[in-house]
Amino acid sequence: MTAASTSPAVAGYCAKGWERVRDAFEENFAARAELGASVCVVHRGETVVDLAGGWFDQTRTRVFGADDLVVFFSATKGMVAAAAHWLIDRGLLDLDAPVSRYWPEYAQNGKEATTVAMMLNHSAGVPGFHEPLKQDAHLDWDYMVGRIAAERPFWQPGLRNGYHALNFGWTVGELVRRVSGRGLGDVFRETIAEPAGADIWIGLPESEEGRVSKVIPTFPAPGEPVIEVYTNVQENPQSDSALVFTNSGGWSLAAIDAASGDCIVNTRAHHAAVFGGAGGIGNARGLARVYAALDAGTLISRDHVARMSQTSMVSTRDPILLVPTRFALGFMKSMDNRALPLGTIKSFIVGEKAFGHVGAGGSFGMLDREEGLAAGYTMNRLGVGVWLDERGQSLVDAMYRTLGYRTNAPGVWVK
């Protein structure tokens, strides 16, 4: 679709009573430099918001639509976790079992007692690698799981949590592959995405490539304050944070593909890779539909959804992200770090019973079980952090305000 307008209108559906969400979404374009984005909200099984707007790319000749796709980075972790929990709910994978029951090669170098639950709640202790990875390592599944199996842990497994920024996709994803006998991307499509009617892939088929809007990284201007983890990576190259974010085989938002001159996350090779830590491709509608299906109990039993969404690990200072974090079994819980410098881009403030996952640049998918509230938000112009920024949080805030919630001052939304 093309348009001559310099400011394409937000299009789609907004049910009566949910206008706050539409207003917040429109404000993102008017005041927060949104380029192209979509938002979808499902409340108690009914789609109440399904909007998209802006531009598909920087040429501003094609309107961004609700069916268009983007890479949504770590929001992928929630999708990987859902595939694992599909197996757990059916008794094929045991949260309390040692990883070695399913992946014998993993039981070495101090990781012998690691459990499946530790893989999901970021306490397994293998967030990165001590020795350099080969170039483009993230495109080679067998190489990555082999390196993880041989790695010595950064801390005693289970002792604390630390964000497994990229490795989550291989640690949990390899358990899915070992138990099912099929690749993570195929299992996710067959057990989660297709039953939920969700336009999401972990490993995009080439037939869908024309629908993918390129992401546009955003970096702080010279002299502009940056979040502490980025400073630590630059100033302490042997820190745990640096080993996670820079020892990545060349993967980063700043990495440029030599052939195309574009960011590597926009290449066909990256889109095709089964990259469960940060490579999921989809849209807001797809994310909302997955979380709505979890709420409905059509994918995973309600009892197990209640279990997997409970807070499992809490840190007052995550050794990788360098902020307080709270995790369920594969999902983020509400994280209020607003008191910290640049805290508005270090937070994900939702209801106490809500869970979900954010993606670098500000995307998110979530479910609040108490309200039957499922939502997704994706966009092509990234923010500067790895949590929500004002665009995504404003949408979350509008949803809770619509449902009669008063304040998020306690660190979660309350009535």
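Predicted, not measured: the structure shown is a model, and the values here were computed from it. Note that these values count all heavy atoms, side chains included, but never hydrogens, waters or copies made by symmetry.
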Problem set entry | Atom pair CZ/CD of Arg22 and Glu27 - distance to nearest 0.5 Å | 13.0 Å

Exercise. Could Asp389 and Arg32 be called an ion pair, given the rule that one side-chain N must be under 4.0 Å from one carboxylate O?
Worked result: no

For this session: Without swapping roles, check the side chain of Glu209 against the backbone of Arg268 for a donor-acceptor pair under 3.5 Å.
Result: no

For this session: Report the distance from atom CZ of Phe129 to atom CG of Asn247, rounding to the nearest 0.5 Å.
Result: 7.5 Å

Exercise. Using a distance-only test with no angle check, is there a side-chain donor-acceptor pair under 3.5 angstrom linking Ser74 and Lys77?
Worked result: yes

Seminar exercise, completed: Looking only at heavy atoms, the pair that brings His271 and Val265 closest together is NE2-O, 3.1 Å

Let me have the donor-acceptor pairs involving side chains of residues 286-299, under 3.5 Å, with sequence neighbours excluded, atom names and distances please.
unit_1 : atom_1 : unit_2 : atom_2 : d
Arg289 : NH1    : Gly197 : O      : 2.8
Thr298 : OG1    : Ala293 : O      : 3.4

Exercise. Between the main-chain N or O of Phe64 and the side-chain N or O of Trp55, is there a donor-acceptor pair closer than 3.5 Å?
Worked result: no

Problem set entry | Side-chain heavy atoms of Arg338 within contact of Ile349, under 4.5 Å | yes

Exercise. Taking atom CG of Asn337 and atom OG of Ser347, what is their separation to the nearest 0.5 Å?
Worked result: 4.5 Å

Exercise. After noting the C-alpha distance and the side-chain angles of Thr267 and Ser260, does the key distance pass the side-chain contact (heavy atoms from CB on, under 4.5 Å) rule?
Worked result: CA-CA 8 Å; Thr267 63; Ser260 66; 4.3 Å; yes

Exercise. According to the ring-ring contact (aromatic ring centres under 6.0 Å, His included) rule, which pairs have a member within residues 198-218, sequence neighbours left out?
Worked result: none

Exercise. CG/Leu321 to OG/Ser241 distance, rounded to the nearest 0.5 angstrom?
Worked result: 7.5 Å

Exercise. What pairs meet the salt bridge (Lys or Arg N to Asp or Glu O under 4.0 Å) rule with one or both residues in residues 11-20, with sequence neighbours excluded?
Worked result: none

Exercise. Going through the checks in order, is the side-chain contact (heavy atoms from CB on, under 4.5 Å) test met by Leu120 and Val172?
Worked result: CA-CA 7 Å; Leu120 283 157; Val172 178; 4.0 Å; yes

For this session: Check for a donor-acceptor pair, side chain of Glu46 on one end and backbone N or O of Val42 on the other, with a separation under 3.5 Å.
Result: no

Problem set entry | Non-hydrogen atoms of Asn232 and Ser239 that approach each other most closely | ND2-OG, 3.1 Å

Problem set entry | Nearest-0.5 Å distance that lies between atom CG in Asp136 and atom OG in Ser248 | 10.0 Å

Seminar exercise, completed: For Tyr400, the side-chain hydrogen bond (donor to acceptor under 3.5 Å, both in side chains) test, sequence neighbours excluded, returns Asp368

Exercise. Where the side chain of Lys346 meets the backbone of Met335, is there a donor-acceptor pair that is under 3.5 Å apart?
Worked result: no

Problem set entry | pair Ser38-Asn283: side-chain heavy atoms closer than 4.5 Å | yes

Problem set entry | Shortest non-hydrogen contact from Arg211 toward Arg62 | CA-NH2, 4.3 Å

Exercise. Could Glu371 and Lys415 be called an ion pair, given the rule that one side-chain N must be under 4.0 Å from one carboxylate O?
Worked result: yes

Exercise. Is the closest side-chain donor-acceptor distance between Arg147 and Tyr143 under 3.5 Å?
Worked result: yes

For this session: For this output row, return yes or no: ring centroids of Trp251 and Phe275 closer than 6.0 angstrom.
Result: yes

For this session: For Asn161 and Ser315, test the side chains for any donor-to-acceptor distance below 3.5 angstrom and give the result as yes or no.
Result: no

Seminar exercise, completed: Note: Ser394 and Ala24 closest approach over all heavy atoms is O-CB, 3.9 Å

For this session: Take Ile148 and Thr171, measure what side-chain contact (heavy atoms from CB on, under 4.5 Å) needs, and give me the verdict at the end.
Result: CA-CA 8 Å; Ile148 288 171; Thr171 55; 4.0 Å; yes

Exercise. For the ring pair Tyr106 and Tyr102, is the centre-to-centre distance below 6.0 Å?
Worked result: no

Seminar exercise, completed: Between Pro157 and Met118 the two heavy atoms that sit nearest each other are C-SD, 3.7 Å

Seminar exercise, completed: Hits for side-chain contact (heavy atoms from CB on, under 4.5 Å) against Pro237, two or more places apart or cross-chain, chain-then-number order -> none

Exercise. Is it the case that Lys333 places NZ or CZ above or below the six-membered ring of Phe327, under 6.0 angstrom from the centre and within 45 degrees of the axis?
Worked result: no

Exercise. Side-chain donor-acceptor pair under 3.5 Å between Thr378 and Ser363, yes or no?
Worked result: no

Problem set entry | Results of salt bridge (charged side-chain N to carboxylate O under 4.0 Å, His left out) for Asp186 - residues two or more places apart only | none

Exercise. Between Trp387 and Gln393, does any side-chain donor sit less than 3.5 Å from a side-chain acceptor?
Worked result: no

Exercise. Measuring from Arg381:CZ to Thr218:OG1, what's the distance to the nearest 0.5 Å?
Worked result: 6.5 Å

Exercise. Checking side-chain contact (heavy atoms from CB on, under 4.5 Å) for the pair Asn28/Leu395: CA distance, chi angles, key distance, verdict?
Worked result: CA-CA 9 Å; Asn28 286 343; Leu395 298 172; 4.1 Å; yes

Exercise. Given the side-chain rings of His357 and Phe364, with only the six-membered ring counted for Trp, is the space between their centroids under 6.0 Å?
Worked result: no

Exercise. Does the gap between the ring centers of His164 and Trp170 come in under 6.0 Å?
Worked result: no

For this session: Quick one: closest heavy-atom pair of Pro220 and Val226, and the distance?
Result: CG-CG1, 3.4 Å

